[in-house]
Amino acid sequence: MAALPFSTRRPFSSPCFILCFLLGFVAGLFPFAHRHLHLDLDLRHLPLADPPPAAPTQRALVRPPPTTTLIVVTPTRARPLQAYYLHRLAHTLRLVPQPLLWLVVDRGAATRETAALLRGCGLMYRHLPSQSHRDAPGARRTRPEHPAARGLRQRNAALDHIEHHRIHGLVYFADEDNVYSLDLFDQLRGIRSFGTWPVAMLGVGKSKTLVEGPVCDNSQVVGWHTNERTKRQRRFHVNTSGFAFNSSMLWDADKRARQAWNYIRLLDTVRDGFQATTFIEQLVEDETHMEGIPTGCSKIMNVNLRLEDKHLVYPKEWQMTENLDVLIPL
């Protein structure tokens, strides 16, 4: 029998064998490495197109905090519905973004009733007294004090405090018995010098609503809403709660119309109903120096209800000491 030819090629040196060996080796290691394989793939930087912009996070949606301080001036007096009015206004102001300073001015001396109401209001406040006309040195008056004059002296006491301490911000006269929208306080922070807006009020007999304030073309005041013929002689038909101004106008003559006047206050020597317009005439020269808010002055942001409570009674210091008998049923 003839012998088979002997091959001199080594079986392990074949390229096919080496390739099959490597594939088998990798396949054997795959069950141990597949758990970590996706981590490497995520870390690779592939030349892909730019990803779409990420959705804004909750932090990006938060508006930056306001920087202009709102100085809200509120005259008050001890009366049956004082607690209701002050609490209602305090709840509204607590919803306004800070910084906000609430100046609450009592009629005459600061009362303990008002102080007790303000302690739990949750706001930065200052409780101020005011000098009534009867307490003023040499004061003589032949007719009863008008309600507008009472609020006038309280507002002047607040202006004295603001100017004395150089409190920078936007001054706004907010009576306690009015109703205010939160949008009003947002709009106030956009005022640079002097701003005004229309105010709604209940007419005589509470049967209809009247509007008093500016007519605007965008933010420019071009006219006035007026419904009372007896007051058409007023230069500016603005409600006391229908304007706000920069506090620096009180002591900086370059920022107001009457630069020669060193004492800018509400006047008690003018006819009733003219206190607001004569005060504004000390700050601005004409409508070109006013800013109408909001754009077009097309929104009512506060309402004057003109509520009266003079026939109601209330306990002194809000405490009852009599008629506290308890009936226990048998």
Handout entry: Main-chain N/O of G242 paired with T196 side-chain donor or acceptor, under 3.5 Å
Key = yes
Handout entry: Exceeds 12 heavy-atom contacts within 6.0 angstrom, atom NE2 of H164
Key = no
Practice task
Keeping the roles fixed (side chain from R256, backbone from M249), state whether a donor-acceptor pair exists under 3.5 Å.
Solution key: yes
Practice task
Looking only at non-hydrogen atoms, find the nearest pair between V199 and N304 and report the distance.
Solution key: CG1-N, 4.4 Å
Exercise for the section: Treat each ILVMFWY residue as a node, draw an edge where side-chain heavy atoms are under 4.5 Å apart, and state whether L184 and L95 are in one component. Expected result: yes
Show the atom names and distances, to 0.1 Å, of all donor-acceptor pairs under 3.5 Å that link a side chain in residues 117-128 to residues at least two apart or in another chain.
unit_1	atom_1	unit_2	atom_2	d
R126	NH1	H161	NE2	2.8
H127	NE2	D106	OD2	2.7

Practice task
Please report the closest heavy-atom contact between P129 and A157, naming both atoms and the distance.
Solution key: O-CB, 3.7 Å
Problem - P75 vs R155 side-chain heavy atoms within contact, under 4.5 Å - result: yes
Handout entry: Short N-O contact, D160 and R153, less than 4.0 angstrom
Key = no
Exercise for the section: Begin with the C-alpha distance, continue with both residues' side-chain angles, and end with the deciding distance and a verdict on side-chain contact (heavy atoms from CB on, under 4.5 Å) for Y84 and D177. Expected result: CA-CA 9 Å; Y84 167 72; D177 53 354; over 6 Å; no
Exercise for the section: Under the side-chain contact (heavy atoms from CB on, under 4.5 Å) rule, what do F279 and F243 come out as? Steps first, then yes or no, please. Expected result: CA-CA 11 Å; F279 178 74; F243 69 92; 3.9 Å; yes
Handout entry: Separation of N156 CG from L266 CG (nearest 0.5 Å)
Key = 5.0 Å
Handout entry: K255 side, atom NZ; N246 side, atom CG - distance, nearest 0.5 Å
Key = 5.5 Å
Fill in the blank from the handout: S247 and I162 have their tightest heavy-atom pair at CB-CG2, 3.9 Å
Completion exercise
Rounded to the nearest 0.5 angstrom, the OH-CG distance for Y85 and D175 is 11.0 Å
Fill in the blank from the handout: The reported gap from CD1 in I191 to CD1 in I293 (rounded to nearest 0.5 angstrom) is 4.0 Å
Problem - side-chain contact (heavy atoms from CB on, under 4.5 Å) between Q154 and R107, worked out - result: CA-CA 6 Å; Q154 292 167 266; R107 179 189 177 187; 4.0 Å; yes
Exercise for the section: Could you give me the CA-CA distance, side-chain angles and deciding distance for M301 and W197, then say whether side-chain contact (heavy atoms from CB on, under 4.5 Å) is met? Expected result: CA-CA 8 Å; M301 298 182 291; W197 57 92; 3.9 Å; yes
Fill in the blank from the handout: Across all chains, not counting sequence neighbours, the side-chain hydrogen bond (donor to acceptor under 3.5 Å, both in side chains) partners of E176 are T76, R79
Practice task
Using ring pair (Phe, Tyr, Trp, His ring centres under 6.0 Å) as the criterion, list what pairs up with F185, not counting sequence neighbours.
Solution key: none
Exercise for the section: Kindly compute the distance separating CE (M290) from OG (S193), expressed to the nearest 0.5 Å. Expected result: 10.5 Å
Exercise for the section: Work out which heavy atom in C297 is nearest to a heavy atom in G292; give both atom names and the distance. Expected result: SG-CA, 3.6 Å
Practice task
Return yes if some donor-acceptor pair links the side-chain N/O of S298 with the main-chain N/O of P294 below 3.5 Å, else return no.
Solution key: no
Handout entry: Least distance between heavy atoms, V96 atom then R189 atom
Key = CG1-NH1, 3.9 Å
Problem - Under 4.5 Å side-chain linkage, directly or through intermediates, the cluster mates of V215 - result: V222
Scan the side chains in residues 280-287 for donor-acceptor partners under 3.5 Å anywhere in the protein, sequence neighbours excluded, and list what turns up.
unit_1	atom_1	unit_2	atom_2	d
E281	OE2	T277	OG1	3.4
Q282	OE1	R265	N	3.4
Q282	NE2	R265	O	2.8
Q282	NE2	T278	O	3.3
D286	OD1	T288	N	3.1
D286	OD1	T288	OG1	2.3
D286	OD1	H289	ND1	3.1
E287	OE1	R235	NH2	3.0
E287	OE2	W224	NE1	3.0
E287	OE2	R235	NH1	2.8

Practice task
Supply the atom-to-atom distance T68 OG1 to L188 CG, rounded to the nearest 0.5 angstrom.
Solution key: 10.0 Å
Practice task
Report yes or no: does Q82 contribute a side-chain atom to a donor-acceptor pair with the main-chain N or O of T114 at less than 3.5 Å?
Solution key: no
Side-chain donor-acceptor contacts of residues 166-174 below 3.5 Å, not counting sequence neighbours, with atom names and distances?
unit_1	atom_1	unit_2	atom_2	d
R166	NH1	E163	O	2.6
Y172	OH	S241	O	2.9

Fill in the blank from the handout: Closest non-hydrogen atoms of D183 and K299, given as atom of the first, atom of the second and distance, are OD2-NZ, 3.1 Å
